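Sequence lines set the chain letters: A, B, ... in the order given, protein chains first and strands last, and positions in each chain run from 1. Quick caveat: nothing in here was measured; it's all calculated off a predicted structure.
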Protein chains: 2
Amino acid sequence: MLKLTRKVEYALIAVRHMQAMESGKLTSAKEIALSHGLPQQLLAKTLQKMAKENIIEAVQGPSGGYRISSNSDKISLKDFFEKLEGPLGMMDCYFDSECIQLGACNIRTPIQRINDNMRNMFSKMTLREATQ
Amino acid sequence: MLKLTRKVEYALIAVRHMQAMESGKLTSAKEIALSHGLPQQLLAKTLQKMAKENIIEAVQGPSGGYRISSNSDKISLKDFFEKLEGPLGMMDCYFDSECIQLGACNIRTPIQRINDNMRNMFSKMTLREATQ
DNA sequence: TTATATACGATAATTATAGTCGTATTTATT
DNA sequence: AATAAATACGACTATAATTATCGTATATAA
Ligand code: FES
Ligand code: FES
């Protein structure tokens, strides 16, 4: 319960790897995967997703790769998580109002209260803070 | 990601159900399950777990059932979660140090920092506050 | 004695996550 | 122009975790 996914885990590892690189230098999916013992294909997908979301920059072709994006400093942990995994709710009903109950729901308010707190916490932490 | 389990969800529903009862009165697993459309057997197990953990009180035999325990006021949401689902870590390595990586781990510190924040947040919220 | 409730271990079903495969595209290098 | 090495993506499979059920034992009020 309340676990991160591997995708996010790998993303964090990759971010730290890129932050540790000399400024502007590229690194590849292969390089990160090998040096941390991660499944390359899965990591590659995660990197592609991060590139699409402008967390990192991608350069194609041989001698291409990825580097950390400059605006990654501003991104919150909440946004980081949501860009990778979609809306961040402890229960699905937080967003799509598909209540699991027949109609006698008595936890909508509690769930929202708890979830708001969690989202608020992750909004206040930046990716930079968390990974530095 | 970062979702509650059904077990916890059902537990929250049950707690609120019992809080709404007249003081001291008992309610049964069947009653709760029927009135909220939950699977009775699974809910029953969760109630048994809660009873074992002194979150609620159990009375056996016909006309038995459960009622909210008086010390449920003091319990934190973190303890509530952990009593039901075990240690609360966003990654397993937070506790058993079974690092997923081959040996080149670079996220131990970040993970601990993030997780400490989360645990701290749930430590500060009481079950009572959350469900009232 | 019966009926109804909790207690609990074992197992099955379902769902979500994790990982792989195949192929297309880009582009530096030769 | 050909090749090789990288990103880009969709479809698929495998694995793990969660969810739910089954069967049986025990307690106890009526
Ligand atoms: S269970 Fe979330 S709204 Fe009812
Ligand atoms: S992944 Fe958690 S300690 Fe390395």
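The distance between atom NZ of A/Lys25 and atom C1' of D/dA6, rounded to the nearest whole Å, is 17 Å. One atom, CD of A/Glu85, and another, P of C/dA16, lie 13 Å apart when rounded to the nearest Å. We find that CG of A/Leu43 is positioned 13 Å from C1' of C/dA18, with the value rounded to whole Å. For the pair A/Leu47 CG and D/dA5 P, the computed distance is 20 Å after rounding to whole Å. At whole-Å resolution of the value, CD1 in B/Ile55 and P in C/dT6 are 17 Å apart. Distance CD (A/Gln40) to C1' (D/dA8): 14 Å, rounded to an integer number of Å. As rounded to whole Å, 14 Å separates atom P of C/dT6 from atom CD of B/Glu57. Rounding to whole angstrom units, CD of residue A/Gln41 and C1' of D/dA14 are separated by 15 Å.
Taking every side-chain heavy atom of A/Lys45 into account, C/dT20 is the closest of D/dG23, C/dT20, D/dT7. The side chain of B/Leu42 sits closest to D/dA20 out of C/dT6, C/dG19, D/dA20. Comparing atom distances between the B/Pro39 side chain and each of C/dT6, C/dG22, D/dT21 picks out D/dT21 as nearest.
Taken to the nearest 0.5 Å, the CG atom of B/Leu43 stands 8.5 Å off from the CD1 atom of B/Ile13. Taking CD1 of B/Ile68 as the reference point, atom OG1 of B/Thr131 lies at 7.0 Å (rounded to 0.5 Å). Rounded to the nearest 0.5 angstrom, A/Leu47 CG and A/Ile56 CD1 are separated by 4.5 Å. Taking OH of A/Tyr66 as the reference point, atom CD of A/Gln48 lies at 4.5 Å (rounded to 0.5 Å). Atom CE of B/Met50 and atom CE of B/Met18 lie 4.5 Å apart (nearest 0.5 Å).
Contact annotation for B/Ala44: no contact, since no heavy-atom pair falls under 4.0 Å across all strands.
When atom types are taken as modelled, the side chain of A/Lys83 and the backbone of A/Lys52 share no donor-acceptor pair closer than 3.5 angstrom. The main-chain N or O of A/Glu129 is found under 3.5 Å from a side-chain atom of B/Arg113 such that the two form a donor-acceptor pair.
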task = Using a 4.0 Å heavy-atom cut-off, write out nucleotides 24-30 of chain C from 5' to 3' as B (base contacted by protein), S (sugar-phosphate only) or - (no contact).
result = --BBB--
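Between B/Glu82 and B/Arg119 there is a salt bridge, since a side-chain N of the basic residue sits under 4.0 Å from a carboxylate O of the acidic one.
B/Lys30 contributes no side-chain N or O that forms a donor-acceptor pair with the base of C/dT6 under 3.5 Å. Below the 3.5 angstrom threshold, one finds a donor paired with an acceptor across the side chain of A/Gln48 and the base of D/dA8.
For the residue pair B/Ala58 and B/Ala51, the shortest heavy atom distance occurs at CB-CB, 3.9 Å.
Only at 4.0 angstrom or more do the heavy atoms of residues 2-16 of chain A sit from any atom of DNA chain D, so none qualifies.
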